[in-house]
Amino acid sequence: MRVFKLTHDNERYQYFLGSDGCVDPFGTLEGYSVKDDWSPPAVRIPKPELEPGNFFNFGNGYLIADSRATEAVMACIEPSGELLPLPYAGQTYTVFNCTVCPDCLDHKKTTWRDPEGDCPASIDRYVFRCGLIPMQPIFKIPEEDKIALFFTLGQLDPHGYDLREMIRREGLKGLILTEVWRDESETADA
């Protein structure tokens, strides 16, 4: 099994910020459902000179996708949370709110950046407890204040979702998937 961290490539691609100057108008997306109370915030693209990608998130705790990306990765992301509408400039984007947040990090084997400092959740090297990683393909962890999204590959998922392959096959832009952990009990060619 492998775990990837999802981040937005905001150096190359456009992203959303709150139109009122708020850096993170989605601060309420902390691992639980908000669909019944969802009111899309007003957003803006602060750097229109950047290339538009298919993912527009400026934080790492959620995904914001255009309609093409939503359609392409829906099967992978929907089992892990909820899809919320975000209107902007005549289009409707999708905010993916991940509601899967298991306690699956191995605290003893994980390497912490500054375990005694002000931000003990800063992680240099992730180590997960394989048996506690969820069956859903995308999840958050409480140790990072639920702000990072992770994607599993090789989990006992009956659907065999591979977000990397979905993004590659559709030529989607704006999202970076970085491998952060591999189950050491698996063979090197897994």
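The shortest heavy-atom contact between Thr110 and Asp106 is OG1-O, 2.7 Å. Nearest heavy-atom pair, Asn10 versus Leu50, reported as atom, atom and distance to 0.1 Å: O-CD1, 3.7 Å. For the pair Ile64 and Tyr93, the tightest heavy-atom approach, listed with the atom from each and the gap, is CG2-CB, 4.1 Å. Shown here for Gln14 and Pro52, the closest heavy-atom pair between the two residues is OE1-CB, 3.6 Å. What you find for Trp38 and Pro85 is that their closest heavy atoms are NE1-O, 2.8 Å. Here the shortest heavy-atom pairing between Ala148 and Lys5 reads CB-CE, 3.6 Å.
For Asp103, the salt bridge (charged side-chain N to carboxylate O under 4.0 Å, His left out) partners are Arg129, not counting sequence neighbours. Qualifying salt bridge (charged side-chain N to carboxylate O under 4.0 Å, His left out) partners for Arg164, counting only residues two or more places apart in sequence or in other chains: Asp162.
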Step by step, would you call Ile167 with Leu177 a side-chain contact (heavy atoms from CB on, under 4.5 Å)?
-> CA-CA 10 Å; Ile167 289 170; Leu177 282 78; 3.7 Å; yes

Carefully, step by step, assess Ile77 and Leu83 under the rule side-chain contact (heavy atoms from CB on, under 4.5 Å).
-> CA-CA 9 Å; Ile77 64 175; Leu83 305 175; 3.6 Å; yes

Check the pair Thr178 / Ile176 against side-chain contact (heavy atoms from CB on, under 4.5 Å), numbers first and verdict last.
-> CA-CA 6 Å; Thr178 306; Ile176 301 169; 3.5 Å; yes

Using the side-chain contact (heavy atoms from CB on, under 4.5 Å) rule, take Leu153 and Phe4 through it: C-alpha gap first, then chi angles, then the decisive distance, then the call.
-> CA-CA 8 Å; Leu153 184 61; Phe4 297 82; 3.9 Å; yes

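The closest side-chain donor-acceptor pair between Glu144 and Tyr126 falls under 3.5 angstrom.
Residues Phe151 and Val3 form no side-chain contact, since every pair of their non-hydrogen atoms from C-beta on lies 4.5 Å or further apart. The shortest distance between side-chain heavy atoms of Leu172 and Val73 falls below 4.5 Å. Looking at Arg2 and Asp183, their side chains never come closer than 4.5 Å, going by heavy atoms from C-beta outward. Residues Leu63 and Val95 fail the side-chain proximity criterion, which asks for heavy atoms closer than 4.5 Å. Considering only heavy atoms from C-beta on, Lys35 comes within 4.5 Å of Leu84 through its side chain. A heavy-atom distance below 4.5 Å is not found between the side chains of Leu86 and Thr94. Looking only at side-chain heavy atoms (C-beta outward), Tyr13 and His8 come within less than 4.5 Å of each other. Leu105 places none of its side-chain heavy atoms less than 4.5 Å from the side chain of Val127.
Remark: aromatic rings of Tyr15 and Phe56 are distant, center separation not under 6.0 Å. Side-chain rings of Trp181 and Phe128 approach one another, their centers coming within less than 6.0 Å.
The number of heavy atoms from other shown groups lying within 6.0 Å of CD (Glu51) is above 12.
Legend: side-chain hydrogen bond (donor to acceptor under 3.5 Å, both in side chains) pairs involving residues 71-86, not counting sequence neighbours, sorted by first then second residue: Ser33-Glu82, Glu82-Asn97.
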